[in-house]
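Dumping the structure here so I can ask a few things about it.
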Amino acid sequence: MVVKAAASLELVQETPYRWRIERQGAMRVPGVVFTTRELLPDLSADQSLAQVAAVATLPGVVEAVYAMPDVHWGYGFPIGGVAATDVDRGGVVSPGGVGFDISCGVRLLLAGLHLDRLRPRLTALMDALADAIPRGMGRGAVWRPRGTAELEGILAGGARYAVERGHGEPADLDRCEDRGALADADPGAVGARARERGLEQVGSLGSGNHFLEVEAVTEVYDERIAQTYGLWPGRVCVMIHTGSRGLGHQICTDFVRRMETAMDRYGISVPDRQLACAPVFSAEGGAYMGAMAAAANYGRANRQLLGQATRHAFDRAVGHGDLTVLYDVSHNLAKIETHGSRRLCVHRKGATLALPPGHEDLPPDLRPVGQPVLVPGSMGAGSYVLAGVPDSPAFASACHGAGRRLSRHQAVKTTTAARLRAELQAAGIVVRGASARGLTEETPEAYKDVDAVVDACEGAGLARKVARLAPVGVVKG
DNA sequence: ATGTGC
């Protein structure tokens with residue numbers, strides 16, 4: 001089966017879950033889209049697969065540019081895209097391949113109680129969370145760093161620094177990707193404006209698709225892995241989805257501009273200005289990697305602080321805040337990783353790291369079963385926990401969510417905030433803190449079906465289903 | 001995503 005797009009993209013179906021974009025023109029490698037016929041983006045209306053083809057022209061790109069089943073249009077790179085470059089053969093890093101929200105990701109906390117025991121206190125808990133979680137554009141944060149030393153600590157030390165300063169338990173770090181901090185952060189590469197913006201937002205949720213949800217385990221698909229993860233039916237969980245706020249955004253803006261002018265000097269030409277890039281081993285590439293890692297650490301500290309604020313809210317409203325971290329993982333990041341014999345810069349933008357069983361970067365207790373892959377669905381739709389699998393085909397990556405289907409502009413035309421609130425209430429979901437605009441932009445209608453996306457992810461061999469979580473309360477910006 | 005737009 002071959003599908004021709006207007007822009008002459010040629011898609012060849014290889015399996016029920018895998019489609020190839022044939023190499024042509026300036027493409028150095030093919031594209032590979034992991035999806036089903038039902039979820040395949042409409043080539044006449046959607047640019048995301050054309051973006052996959054454009055990314056495949058970048059210097060040093062290897063193997064293939066991959067798209068996850070939740071792929072959709074993004075700045076330069078598609079969201080739900082994975083691209084790796086060979087750093088020892090002129091491979092580039094591109095800020096657009098990480099995205100504006102550097103180290104946006106998900107933390108899942110597990111509570112020590114069954115939903116039946118939470119129900120009578122749910123309203124009180126949601127009120128306490130609404131009180132404890134700063135959210136929305138700009139506005140308030142859990143922690144206001146004193147002077148530059150504390151901000152430096154956050155940029156260099158991420159969640160580890162937050163824990164050192166009393167915001168959480170050392171054991172939390174065992175369940176964080178990179179134990180809570182990327183080692184090669186360079187706070188000196190973070191510009192003054194990014195720092196200014198960062199000072200005001202340490203420990204804040206933000207807006208858009210960021211949220212905090214109280215959920216409960218409703219389905220278990222893999223008993224053994226679920227047991228290792230501690231996911232039993234009815235267990236209350238808290239999912240926190242946020243990133244590096246204005247600081248990461250400013251760093252992306254600064255480096256896109258800087259690389260746009262640097263590309264000529266390196267003899268790089270790209271089909272789209274939004275693919276601005278520089279060799280990883282260049283002044284601009286190196287500075288970006290250091291600043292990006294610092295933003296990633298800021299994002300990890302952010303989720304650590306919000307996790308701690310969640311514990312306090314549980315303490316106040318439920319009487320015990322014995323929340324443990326299942327895992328904390330980024331889905332917007334570029335990392336230098338070894339695959340086979342090569343050192344690659346793997347860009348994951350709207351794609352979750354999914355380490356296989358046995359991987360040395362996993363904590364010993366999770367190593368036998370693989371990394372928890374946290375997949376938030378659209379608002380009110382539920383979320384999934386998957387596990388990384390051996391020999392996965394996209395540099396150990398999986399989907400990161402349901403994936404947008406309608407733009408924010410289109411989304412607000414489909415419903416009203418009042419109607420959405422009523423629908424969530426009818427589904428037994430308590431909503432706190434959501435602005436009318438924010439709520440309507442996030443209508444589930446604007447997203448793909450997370451169940452179908454996760455099934456495609458599993459069918460494609462990217463990850464394995466472990467458990468499904470259903471929301472009972474949501475805090476939004 | 002974002003002091004939402006050069």
Side-chain angles (χ1 to χ4, degrees), chain A residues 48 51 68 70-81 94-107 134-141 144 190-212 240-258 260-261 273-274 276 291-292 294-296 298-300 302-303 306 329-334 347-352 376 378-379 400-413 434-443 446-447 475-477:
Chain A
S48 61
Q51 290 189 311
M68 302 292 117
D70 51 333
V71 68
H72 56 110
W73 180 89
Y75 180 91
F77 285 56
I79 296 162
S94 173
V98 172
F100 278 89
D101 194 2
I102 296 166
S103 197
C104 183
V106 179
R107 170 172 297 222
R135 60 191 177 275
M137 288 288 286
R139 296 198 281 191
R144 166 75 215 215
V190 177
R193 221 164 148 198
R195 284 162 180 268
E196 274 170 40
R197 293 177 69 173
L199 277 171
E200 313 287 338
Q201 298 179 321
V202 188
S204 64
L205 197 59
S207 59
N209 68 355
H210 289 169
F211 66 78
L212 180 150
I240 298 169
H241 179 203
T242 186
S244 55
R245 309 289 276 95
L247 179 131
H249 190 276
Q250 190 64 50
I251 288 170
C252 184
T253 303
D254 292 347
F255 277 93
V256 165
R257 194 167 302 153
R258 197 166 150 191
E260 271 179 353
T261 59
R273 300 293 285 173
Q274 297 184 355
M292 178 208 68
Y298 184 98
R300 278 106 183 259
N302 191 21
R303 289 194 290 275
L306 293 185
V329 65
S330 301
H331 51 230
N332 282 4
L333 205 59
H347 301 72
R348 293 185 185 84
K349 180 186 190 181
T352 309
S378 57
M379 183 173 57
H400 87 307
R404 217 170 234 292
R405 199 172 61 80
L406 303 178
S407 70
R408 294 180 186 284
H409 188 72
Q410 289 171 306
V412 296
K413 290 191 276 190
S435 67
R437 177 83 189 185
L439 206 65
T440 46
E441 284 181 351
E442 292 301 311
T443 175
Y447 284 84
V475 179
K476 282 194 75 71

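Computed from a predicted model, the values in this text were never measured in an experiment. Order of the sequence lines sets the chain letters (A, B, ...), proteins ahead of strands, with each chain counted from 1.
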- [ ] Describe the nucleic acid contact of A:Arg193 in one word from base, sugar-phosphate, nothing, applying a heavy-atom distance below 4.0 Å.
- [x]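 Base, at least one base heavy atom under 4.0 Å.
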TODO: Round to a whole Å and report the spacing from CG of A:Asp254 to C1' of B:dT2.
DONE: 13 Å
- [ ] In whole angstrom, give the distance that lies between atom CZ of A:Arg408 and atom C1' of B:dT2.
- [x]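 Rounded to whole Å, this separation is 10 Å.
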- [ ] Take atom CZ of A:Phe255 and atom C1' of B:dT2, then tell me their distance rounded to the nearest Å.
- [x]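 The answer, rounded to whole Å, is 18 Å.
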Open item on the list: Whole angstroms only, please: what is the CZ-P distance between A:Arg437 and B:dT4?
Closed with: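 So the CZ-P distance, A:Arg437 to B:dT4, works out to 13 Å.
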Task: Rounded interatomic separation in angstrom, taking CZ from A:Arg245 and C1' from B:dT2 - done: 9 Å
Open item on the list: Measure NE2/A:His409 against C1'/B:dG5 and give the value in whole Å, please.
Closed with: 14 Å
TODO: Using a heavy-atom cut-off of under 4.0 Å over every strand shown, decide if A:Gly208 touches base, sugar-phosphate, or nothing.
DONE: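 The answer is sugar-phosphate, as A:Gly208 gets under 4.0 Å only of primed atoms, P, OP1 or OP2.
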Open item on the list: Under a 3.5 Å distance rule, please check whether A:Tyr75 uses its side chain to pair with a backbone N or O of A:Gly99 as donor and acceptor.
Closed with: no
- [ ] Calculate the interatomic distance between A:Tyr75 atom OH and B:dG5 atom P; express it in whole Å.
- [x] 12 Å
Open item on the list: Is the distance between the ring centroids of A:His241 and A:His400 under 6.0 Å?
Closed with: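 Judged by ring-centre distance (under 6.0 Å), A:His400 and A:His241 do not meet the cut-off.
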TODO: Calculate the interatomic distance between A:Phe100 atom CZ and B:dG5 atom P; express it in whole Å.
DONE: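 So the two atoms are 9 Å apart, to the nearest Å.
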- [ ] With heavy atoms under 4.0 Å as the rule, sort A:Gln201 into base, sugar-phosphate or nothing.
- [x]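 Since only primed, P, OP1 and OP2 atoms lie under 4.0 Å of A:Gln201, the category is sugar-phosphate.
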TODO: Enter the distance from A:Phe211:CZ to A:Arg135:CZ here, rounded to the nearest 0.5 Å.
DONE: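 Between A:Phe211 CZ and A:Arg135 CZ, I get 15.0 Å after rounding to 0.5 Å.
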TODO: For A:Lys349 and A:Gly74, work out which heavy atoms get closest and say how close.
DONE: NZ-C, 4.1 Å
- [ ] Return no unless some side-chain N or O of A:Ser207 is found under 4.0 Å from OP1 or OP2 of B:dT2.
- [x]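 Checking B:dT2 against A:Ser207, a side-chain N or O does come within under 4.0 Å of OP1 or OP2.
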